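So the structure is just underneath, and the comments pick up after that.
Since this is a predicted model, take the numbers as computed values, not measurements.
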Amino acid sequence: MSPTPAFLGKDLVGLERLSADQLRTILDTAEHFKEISERRIKKVPVLRHKTIVNLFFEASTRTRISFEFAEKRLSADTVNIVAAGSSLQKGETLVDTARNLEAMRIDMVVMRHGSSGAAQFLADRIPSNVINAGDGRHEHPTQGLLDLLTIRDRMGRIEGLKVCIVGDILHSRVARSNIYGLLTLGAEVAVCGPPTLMPPAATELGVRVFTRVEEAIEWADVLNVLRLQLERMEAGYVPSLREYNRIWGVSTARLEAAKRDLVVLHPGPMNRGVEIDSDVADGPHSVILDQVTNGVAVRMAVLYLLAGGQPEKAEAAKQGGET
Ligand code: CP
């Protein structure tokens, strides 16, 4: 593999600064890697000599496990560290933790952290590649990428589509990564939710703002429904969960009233019966489990490209050839 990672640079902290060419290349590379997960023996030697640390300071199911599957399926050596049970609980700083990991000769760190900016902070201080697995309210770039891949798979394109992100925009790193990626690839983007859960400068991000979910559904080709992040809220953002569902919940009745046959995404974990009804989550509009499947392929692509893999050699790399 090339000693000078060039295509994506050293780190993936967010989608904000990626070009359309870079985004498309990650998605195309993920398409190459998808079939590995369909094989009986789900393992190729692409990252055979790499050691990767998954450092999670916040809870995660999908992101942590799909990174781990992606790493193992590409033959990397992986170690998982969660805050509980590590010396982080004794007050060790992030940088000291990372420097100690570096001293054990690692190559990459995948990190989820509750503070916006934590991924960039770490990337600026260690030579290993850093991949942001979600930092505070800032970005969740691999979630944004897997959402883009799922939309492109289902709709055949991203350019010109109308995509509305519905729900708790204020606390959402997923919303930000989606907005940057979708706008760069030529989609029209809107956000919809209660004014209390809307960032004050939402329109400065280049998106439309809807406060009525019926209007958003009328406008959109794709809905990306976000979880109410109850753990990041103090009281008072919404009157009650029942009220939220009544006013902003995505239900079959609301989808049936729309002119178009909408596609519905949700990054998970879902609050069923709050932001999305079960019959939508499990029904024909939903691509929620496709998102999860695509998450492994997207993370394989990001790991491969940050490790210096050449996009045009992804197919050969899977066979154990030159990258
Ligand atoms: N979508 C997502 O980030 O899910 P997890 O919190 O389970 O990783």
Is the closest side-chain donor-acceptor distance between Ser75 and Lys43 under 3.5 Å?
-> no
Do Ser37 and Arg73 get their side chains close enough for a donor-acceptor pair, meaning under 3.5 Å?
-> yes
Give the intermediate values and the outcome of side-chain hydrogen bond (donor to acceptor under 3.5 Å, both in side chains) for residues Glu71 and Asn54.
-> CA-CA 10 Å; Glu71 292 155 4; Asn54 301 311; 2.8 Å; yes
Given Arg112 and His140, is the side-chain hydrogen bond (donor to acceptor under 3.5 Å, both in side chains) satisfied, shown in steps?
-> CA-CA 9 Å; Arg112 171 168 289 189; His140 190 349; 3.1 Å; yes
Among side-chain atoms of Ser116 and Arg137, is any donor-acceptor pair under 3.5 angstrom?
-> no
Counting only heavy atoms not in Arg260, do more than 12 sit closer than 6.0 Å to its CZ atom?
-> yes
CG/Leu12 to CZ/Arg17 distance, rounded to the nearest 0.5 angstrom?
-> 12.0 Å
Ser128 and Glu102: side-chain contact (heavy atoms from CB on, under 4.5 Å), yes or no, with the steps?
-> CA-CA 8 Å; Ser128 298; Glu102 290 278 355; 2.6 Å; yes
Evaluate the ring planes of Phe210 and Trp219, with Trp represented by its six-membered ring, and classify them as parallel (under 30°), tilted (30 to 60°) or perpendicular (over 60°).
-> tilted
Heavy atoms from other residues, nucleotides or ligands near CD of Glu159 exceed 12 (cutoff 6.0 Å) | no
Starting from the C-alpha separation in whole Å, work towards a yes-or-no answer on side-chain hydrogen bond (donor to acceptor under 3.5 Å, both in side chains) for Asn80 and Glu68.
-> CA-CA 8 Å; Asn80 296 316; Glu68 196 178 343; 2.8 Å; yes
Where do Arg227 and Glu275 land on the salt bridge (Lys or Arg N to Asp or Glu O under 4.0 Å) test, with the steps shown first?
-> CA-CA 6 Å; Arg227 182 172 72 89; Glu275 71 268 3; over 6 Å; no
Common cluster, Ile65/Phe57, ILVMFWY with side-chain heavy-atom separation under 4.5 Å | no
Stepwise side-chain contact (heavy atoms from CB on, under 4.5 Å) test for Val166 and Leu226 = CA-CA 6 Å; Val166 183; Leu226 301 181; over 6 Å; no
State yes or no: do Val82 and Leu88 share one hydrophobic cluster built from I, L, V, M, F, W and Y residues joined by side-chain heavy-atom distances below 4.5 Å, directly or via other members?
-> no
For this output row, return yes or no: ring centroids of Phe121 and His113 closer than 6.0 angstrom.
-> no
